[in-house]
Protein chains: 2
Amino acid sequence: MANIREIARLAGVSVSTVSRVLNNHPYVSTAKKDAVLKTIEKLDYSRNINAVHLSQGKTNMVGVVLPTINHPYFSALLEGIAEEAMKHNVQLVLFQTDYNQDKELEALEQLRGHLIDGVIFCSRAVQFDLLLNYKGIGPTVLCEDADQQEFPSVSIKHVEAFNLGLDYLVSKGHEKIAICLGRLEGTNSQKRKAAYEKKMKVIGEKFRREWIIGQCLMIEDGKKVIDEYLEWDEKPTAFLVGNDQVAAGMIAEAKNNELTVPEDFAVISFDNHPISKILGITTIEIPTKQLGSSAFMAYIDQSKDIEYSDKIVLPVKLWERKSV
Amino acid sequence: MANIREIARLAGVSVSTVSRVLNNHPYVSTAKKDAVLKTIEKLDYSRNINAVHLSQGKTNMVGVVLPTINHPYFSALLEGIAEEAMKHNVQLVLFQTDYNQDKELEALEQLRGHLIDGVIFCSRAVQFDLLLNYKGIGPTVLCEDADQQEFPSVSIKHVEAFNLGLDYLVSKGHEKIAICLGRLEGTNSQKRKAAYEKKMKVIGEKFRREWIIGQCLMIEDGKKVIDEYLEWDEKPTAFLVGNDQVAAGMIAEAKNNELTVPEDFAVISFDNHPISKILGITTIEIPTKQLGSSAFMAYIDQSKDIEYSDKIVLPVKLWERKSV
DNA sequence: TTGTAAGCGTTATCAG
DNA sequence: CTGATAACGCTTACAA
């Protein structure tokens with residue numbers, strides 16, 4: 001493949017002039033510019049981006065760390081990031097971690113190695129202090145309800161949203177409430193669990209540890225929940241469910257067991273993804289896609305000012321439908 | 001950041017020796033190797049991957065072109081690609097195109113610019129001959145039922161699968177069959193349309209153009225289908241639907257209109273994604289994730305032998321459930 | 001407005 | 001086993 005030197009030689013100019021044309025610098029005479037463009041055309045030249053990266057010390061690429069792509073929540077988040085990234089002409093490099101810390105570190109190592117200019121963590125499993133080691137190498141954005149000062153973050157107020165759901169159920173006369181959470185190890189789950197325990201105390205209801213069901217992530221996990229429900233001697237009258245997928249799975253599986261929602265039990269979930277609308281599930285909207293675009297904007301902001309570390313909080317909204 | 005020269009100087013060896021250590025080359029004395037490793041450790045050195053890329057003329061990255069990330073089909077495909085890519089230590093660079101040809105070309109230009117070593121097209125809108133211009137620059141894999149020889153491809157037999165669905169409906173006594181397709185412009189839709197018309201002729205049924213509904217991609221499109229159905233004077237007794245999402249949306253919306261499946265009309269769809277299982281939708285399984293991993297394997301094969309252009313066809317499977 | 005030349009940080013060849 | 005040194009292809013002072 002031809003290189004910039006060859007173009008220069010054939011066009012009868014210097015390499016810097018070619019470079020200037022390539023980068024739309026001012027101060028290039030039209031004559032030379034034309035000659036260069038013509039030669040580029042003729043040789044079907046395309047510049048080697050790796051050389052540009054090496055020379056500039058940056059790549060206009062950002063790493064996106066997420067546990068799995070194949071889940072509506074992360075797909076939507078990623079789509080938000082991708083759309084915004086395209087507007088800014090930055091490419092996305094994917095790091096699918098399956099919640100594996102080593103894979104997350106891999107992304108950070110690629111940051112050190114200058115493959116990417118920064119990282120957006122859609123989910124995080126590595127310890128915070130490990131992250132700090134990489135602070136300063138490049139912008140790092142967290143999509144979590146973070147309570148630290150070092151990095152910008154984008155999220156909703158998870159505990160508040162959770163309490164909103166709980167309060168709504170209570171306002172509808174429910175006191176025997178079970179909850180379905182995602183990964184119990186996650187900080188979010190810990191906070192939600194605490195909020196649940198507290199709320200039960202406030203309304204004078206017994207706290208039943210067995211009414212906290214973990215690992216509820218996908219639609220098929222809804223079946224698991226119903227299976228457990230059927231086993232229980234004492235039944236809850238309502239479920240607060242971590243995401244629409246699981247709620248949808250529960251409702252479908254309930255029907256398979258001659259149970260109806262909300263008559264046998266009420267369900268409220270999170271996300272307001274399309275499935276909840278079509279199934280009439282009452283849900284608390286999480287603006288997933290905007291979370292993604294905001295995360296990317298925070299990345300841009302931090303790349304302009306390394307000290308930028310705002311905590312962006314997006315609002316949630318309750319959609320009353322027919323499952324409560 | 002320290003570079004290889006500095007490491008060499010401090011460790012008292014040459015840069016080549018450092019490079020050898022970095023790349024696990026044999027023929028480095030343990031003494032020097034240790035010295036180098038110690039210095040690397042001490043300076044917290046990390047090698048600049050852009051320099052490596054420039055020097056080697058490749059990046060171990062592959063571009064993935066897809067219209068949208070936020071759809072179960074493409075998420076699953078991407079996940080398959082990502083898992084396989086990880087095994088081979090290659091990074092994925094995302095190109096979300098929204099079926100826009102320019103965006104697809106962008107990926108090909110990045111290939112020319114050596115940002116990526118090759119491209120996997122999860123969907124394609126650009127003309128074939130345009131693709132040919134880039135042939136030879138790097139491995140290119142198509143995830144489509146391709147009938148050309150230039151590139152390897154991975155897919156299912158779309159027309160066969162479509163006929164399988166049609167035949168199944170006919171075998172269950174249905175003759176008044178409507179179909180829901182995705183993007184009507186796509187080659188797949190064209191082929192399916194033709195197959196539909198032909199089948200109607202074979203069973204001696206009238207071909208009704210208005211019973212072909214396009215733009216059925218997402219769960220919310222199911223509502224649109226039901227809206228149309230309600231308008232029709234003459235009703236079909238069955239629908240063959242392009243994907244599970246739409247089928248799910250249709251069934252939910254049918255229920256909202258006091259219609260029941262399969263009593264009022266039967267539904268069979270494609271994918272066998274989790275939602276179809278939980279809703280009891282009869283479906284033709286498309287091994288989406290394997291399609292992704294196979295695509296990546298084809299990429300690897302082609303990177304070893306540029307002439308490699310096998311057409312990989314994965315089997316589909318009918319899952320009889322309760323919607324027909 | 002233009003050109004020269006010094007980086008950017010590796011790898012790879014070749015001689016020892 | 002080891003080390004010079006020439007690529008790789010571009011950007012960017014600096015000088016003219």
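Because the structure is predicted, anything quoted here is derived from the model rather than measured. Here is the naming used below: chain letters follow the sequence lines, and residue numbers restart at 1 for every chain.
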Fill in: Residue closer to the 5' end of DNA chain C, Arg20(B) versus Tyr45(B) (nearest nucleotide)
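Upstream on the strand: Tyr45(B).
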Rounded distance (Å) that lies between atom [atom2] of [N] and atom [atom1] of [X]:
| X | N | atom1 | atom2 | answer |
| --- | --- | --- | --- | --- |
| Ile4(A) | dA7(D) | CD1 | C1' | 16 Å |
| Gln56(A) | dC8(C) | CD | C1' | 11 Å |
| Lys33(B) | dT2(D) | NZ | P | 11 Å |
| Ile7(A) | dG9(D) | CD1 | P | 12 Å |
| Ile40(B) | dG9(C) | CD1 | C1' | 14 Å |
| Arg9(B) | dA4(D) | CZ | P | 14 Å |
| Asn24(A) | dT12(D) | CG | P | 13 Å |
| His53(B) | dG9(C) | NE2 | P | 15 Å |

By the 4.0 Å heavy-atom rule, please label [X] as base, sugar-phosphate, or nothing.
| X | value |
| --- | --- |
| Val15(A) | base |
| Val28(A) | sugar-phosphate |
| Ser16(B) | base |
| Arg47(B) | sugar-phosphate |

Any [X] side-chain nitrogen or oxygen under 4.0 Å from OP1 or OP2 of [N]:
| X | N | value |
| --- | --- | --- |
| Ser19(B) | dT10(C) | no |
| Asn48(B) | dG9(C) | no |
| Lys32(A) | dG3(C) | yes |
| Asn50(A) | dC10(D) | no |
| Ser14(B) | dA4(D) | no |
| Ser29(B) | dT2(D) | yes |

Fill in: Nearest-nucleotide comparison on DNA chain D, the residue closer to the 5′ end among His25(A) and Arg5(A)
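The 5'-side residue here is Arg5(A).
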Worksheet entry | Within 6.0 angstrom of Lys33(A) NZ, more than 12 heavy atoms from elsewhere |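 Open: at most 12 neighbouring heavy atoms sit under 6.0 Å from NZ of Lys33(A).
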Item to complete: Any chance you could lay out the salt bridge (Lys or Arg N to Asp or Glu O under 4.0 Å) test for Glu41(A) and Lys38(A), step after step, and finish with the verdict?
Response: CA-CA 5 Å; Glu41(A) 177 88 1; Lys38(A) 215 155 283 173; over 6 Å; no
Discussion item. Using a 6.0 Å distance limit plus a 45 degree cone around the ring axis, check whether Arg20(B) lies over the aromatic ring of Tyr27(B).
Written reply: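 Checked: cation-pi criterion not met.
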Fill in: Side chain of Asn3(B) (C-beta onward), nearest among dG9(C), dG3(C), dT2(D)
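Of the options given, the side chain of Asn3(B) lies nearest dG9(C).
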Worksheet item: Would you call Arg124(B) and Glu104(B) a salt bridge, using N to O less than 4.0 angstrom?
Response: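 Between Glu104(B) and Arg124(B) there is no salt bridge, as every charged N stays at least 4.0 Å from the carboxylate O atoms.
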Worksheet item: Of Lys191(A), Lys311(A), Lys157(A), which is the lone residue that meets salt bridge (charged side-chain N to carboxylate O under 4.0 Å, His left out) with Asp147(A)?
Response: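 Exactly one candidate clears the test, Lys191(A).
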Worksheet item: Will you find, in the side chains of Ser293(A) and Glu83(A), an N or O donor that is under 3.5 Å from an N or O acceptor?
Response: no
